[in-house]
Enquirer: 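Let me give you the structure first, and then I'll get to my questions.
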Protein chains: 2
Amino acid sequence: MESRINRIKKQLHSRKYKLTPQREATVRVLLENEEDHLSAEDVYLLVKDKAPEIGLATVYRTLELLSELKVVDKINFGDGVSRYDLRQEGAAHFHHHLVCIECGAVDEIQEDLLGDVEKVVERNWHFKIKDHRLTFHGICHRCVNKHTGVEQKEQHISR
Amino acid sequence: MESRINRIKKQLHSRKYKLTPQREATVRVLLENEEDHLSAEDVYLLVKDKAPEIGLATVYRTLELLSELKVVDKINFGDGVSRYDLRQEGAAHFHHHLVCIECGAVDEIQEDLLGDVEKVVERNWHFKIKDHRLTFHGICHRCVNKHTGVEQKEQHISR
DNA sequence: TGTCAAATTAGAATAATTATAATTTAAAAT
DNA sequence: ATTTTAAATTATAATTATTCTAATTTGACA
C-alpha cells in the first residue's frame, strides 16, 4: 500500500502537483475501499475520519485531479451521482461493470473483453479508440440463485 | 412519423397511460431530433415551441415514462446531464456510442457488436444480461483527418 | 352531466457540484 | 533563517439538475 501511494506521489510530482496531507488521506480511502464504487460524498465522509478538517470541495478537486492522472475513473450508473473507481495499476483501459437491476450490486470485470470489438470499430468507423466504458445491466449470480425461473421475467429497470 | 407516433400511443395505452398533448409534443421533438442526444432542458426548450404552456417537470416525467417503455434510453456521457436517446424500433438492446474527446461529437453504432462478449459474460460470471451500455472514447473520423500523426498523441480527456 | 383517477402546472425544495474570496502552506530563492 | 511566491485549502455562496408538492385541469366513462 505504501509503495502504491509512493508511485501515485511520483505521478503527481511529474505533473508538478503535490501530495498534500488531504490528497494523501483521500488516496488512502480509495485504496482501502478498492472494491467499492464511492461517490464524492462517500469519500468525503470516510476521509473525515483521517483528516477531520478537510472540505468537500477539496475532495471533489482531488478526485478530479486523480481522474486526470487516470488513477481513478469517474463513472455514473444512472442514479444521479458520479462514482470514482480506482483503475488497476498500469491498465490501459477502464474495466467493465456488472450492475444488478435487482439488488443494485456492482461487480467488476478486470479482463478486457473488447479487443476484437475495438478492432472492428477502428476499422469500420475510422475511430481512434482511447478508452471505453462497458456496463451490463442484468441479474447478478447471487440474485439468479435466489429466484425461480418465473419470477425472473418480471424484473425491470427503475430508479 | 405519424405511424411511429401511433405505435408509441399503443404502447402507452397497453400500460394504461394516455398520450396527452404534452406527451405527444415531447415525442415529436424526440423523433425530429433522432440524431441528437438531447438533455431534458434541451427537450424542454424545443417542446415549448409546440406547446408553450408545458412545464419542465412534465418533460422530465414524460422522459422518465418513455424510458420505462424503452422508447428512449437515458444516458450520461459524464458531463453532468442525463441525455435521452431514441431507441431503434424493436431493438432489444441499447445501441453503442462513439464520443470524440476532441470535438465532442457523439456518433451512434446501431449494430450490436456484443453478442460474443455477452455469451462469455453470461457463462463465466453467471450474470443474466438484460441490457448494456457501451461507449468508446477517442478521436472521430473527422478529427483524425484534420490531424498530423504527431498532434494526435497530445489529446487527453478533460471537462 | 357528474364523478374520479390520472396528468399537468407553477413553484418550492433538494441534492450534487462548482465557484469565490480569504487564508494557509510549503517549496524555492535569497 | 527569512522572504517570496504560487499552489492548495477552507468555508461558504452560488449554480445547476432534478424531484417533490399542492392545487388545478383534463378526459374517460357511469
Enquirer: Contact list please: residues 3-11 of chain B against DNA chain C, heavy atoms, distance less than 4.0 Å, in numerical order.
Expert: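 Result for residues 3-11 of chain B: none.
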Enquirer: With no hydrogens and no angle check, is any side-chain donor or acceptor of B:R87 less than 3.5 Å from a backbone partner on B:A92?
Expert: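 Yes; judged by distance alone, with no hydrogens or angles, the pair exists.
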Enquirer: Using salt bridge (charged side-chain N to carboxylate O under 4.0 Å, His left out), reason through B:R28 and B:E2 one step at a time and then give a plain yes or no.
Expert: CA-CA 9 Å; B:R28 279 181 192 280; B:E2 294 312 312; 3.1 Å; yes
Enquirer: Send over the distance from B:L19 CG to D:dG27 P, rounded to a whole Å.
Expert: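 Result: 12 Å.
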Enquirer: Just how far, in rounded Å, is P of C:dT17 from CG of A:N76?
Expert: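 Checked: the CG to P distance equals 8 Å.
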Enquirer: D:dA17 P sits how many Å from B:L63 CG, rounded?
Expert: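 So the two atoms are 14 Å apart, to the nearest Å.
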Enquirer: Between C:dT8, D:dT9, C:dT17, which nucleotide has the shortest distance from any of its atoms to the side chain of A:Q22?
Expert: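 Nearest to the side-chain atoms of A:Q22, counting from C-beta on, is D:dT9.
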Enquirer: Any carboxylate oxygen within less than 4.0 angstrom of a Lys/Arg side-chain nitrogen, looking at B:K128 and A:E102?
Expert: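 Looking at A:E102 together with B:K128, the answer is no, because their closest N to O distance does not fall below 4.0 Å.
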Enquirer: Closer to the 5' end of DNA chain C via nearest nucleotide, is it A:Y84 or B:L65?
Expert: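 Result of the comparison: B:L65.
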Enquirer: What integer distance in Å separates B:E64:CD from D:dT18:C1'?
Expert: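 Rounded to the whole Å, the gap is 10 Å.
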Enquirer: Taking only nitrogen or oxygen atoms into account, show me every contact under 3.5 Å that the protein makes with nucleotides 24-26 of chain D, one pair per line with its distance.
Expert:
none

Enquirer: Under 4.0 Å between a side-chain nitrogen and a carboxylate oxygen: does that hold for B:E24 and B:K18?
Expert: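 Salt bridge between B:E24 and B:K18, a charged N being under 4.0 Å from a carboxylate O: no.
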Enquirer: Identify the residue among B:V72, B:T62, B:L31, B:L65 that makes a side chain to side chain contact (heavy atoms under 4.5 Å, CB included) with B:T26.
Expert: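 Filter result, single survivor: B:T62.
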Enquirer: State, without any angle test, whether A:D42 and A:S39 hold a side-chain donor-acceptor pair at a distance under 3.5 Å.
Expert: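 The answer is yes; a qualifying pair exists.
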Enquirer: Answer yes if the side chains of A:H137 and B:D131 hold a donor-acceptor pair under 3.5 Å, and no otherwise.
Expert: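 No pair is found: no donor N or O on one side chain lies under 3.5 Å from an acceptor on the other.
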Enquirer: Does D:dA17 have OP1 or OP2 sitting under 4.0 Å from an N or O in the side chain of B:S82?
Expert: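 For B:S82, the contact criterion (side-chain N or O under 4.0 Å from OP1 or OP2 of D:dA17) is not met.
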Enquirer: Parallel under 30°, tilted from 30 to 60°, perpendicular over 60°: which one fits the rings of A:F77 and A:H37?
Expert: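 Aromatic pair A:F77/A:H37 classed perpendicular.
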Enquirer: Ignoring backbone atoms, establish whether A:T20 has a side-chain N or O less than 4.0 Å from OP1 or OP2 of D:dT9.
Expert: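 For D:dT9, OP1/OP2 do have a side-chain N/O of A:T20 under 4.0 Å.
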Enquirer: I need the NE2-P distance between A:H13 and C:dA27, as an integer number of Å.
Expert: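 Checked: the NE2 to P distance equals 8 Å.
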Enquirer: Measure the shortest side-chain to side-chain distance between A:E111 and B:N124 over non-hydrogen atoms and say whether it is less than 4.5 angstrom.
Expert: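 SC-SC contact between A:E111 and B:N124 ruled out.
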Enquirer: Is B:R61 touching bases, backbone alone, or none of the nucleic acid, heavy atoms closer than 4.0 Å?
Expert: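 Answer is base: heavy atoms of B:R61 come under 4.0 Å of a base.
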Enquirer: Parallel, tilted or perpendicular: which fits the ring planes of A:H132 and B:F136, with parallel below 30° and perpendicular above 60°?
Expert: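 Aromatic pair A:H132/B:F136 classed perpendicular.
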Enquirer: How close or far is atom P of D:dA28 from atom NZ of B:K16, stated in whole angstroms?
Expert: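 For the pair B:K16 NZ and D:dA28 P, the rounded distance is 14 Å.
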Enquirer: Check whether more than 12 heavy atoms from other residues, nucleotides or ligands sit under 6.0 Å from atom CD of A:Q110, and answer yes or no.
Expert: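 Yes, because the 6.0 Å sphere around CD of A:Q110 holds more than 12 heavy atoms from other groups.
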Enquirer: Given B:L12, which partner from the list B:V71, B:L69, B:T20, B:V27 fulfils the side chain to side chain contact (heavy atoms under 4.5 Å, CB included) test?
Expert: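 Looking at B:V71, B:L69, B:T20, B:V27, the match for B:L12 under the side chain to side chain contact (heavy atoms under 4.5 Å, CB included) is B:L69.
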Enquirer: When the distance from CG of A:D79 to C1' of D:dT18 is rounded to whole Å, what number comes out?
Expert: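 Going from CG in A:D79 over to C1' in D:dT18 covers 13 Å.
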Enquirer: Which of residues 38-60 of chain A sit near DNA chain D, with a heavy atom under 4.0 Å from it?
Expert: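 Under 4.0 Å from DNA chain D: A:E53, A:I54, A:G55, A:T58.
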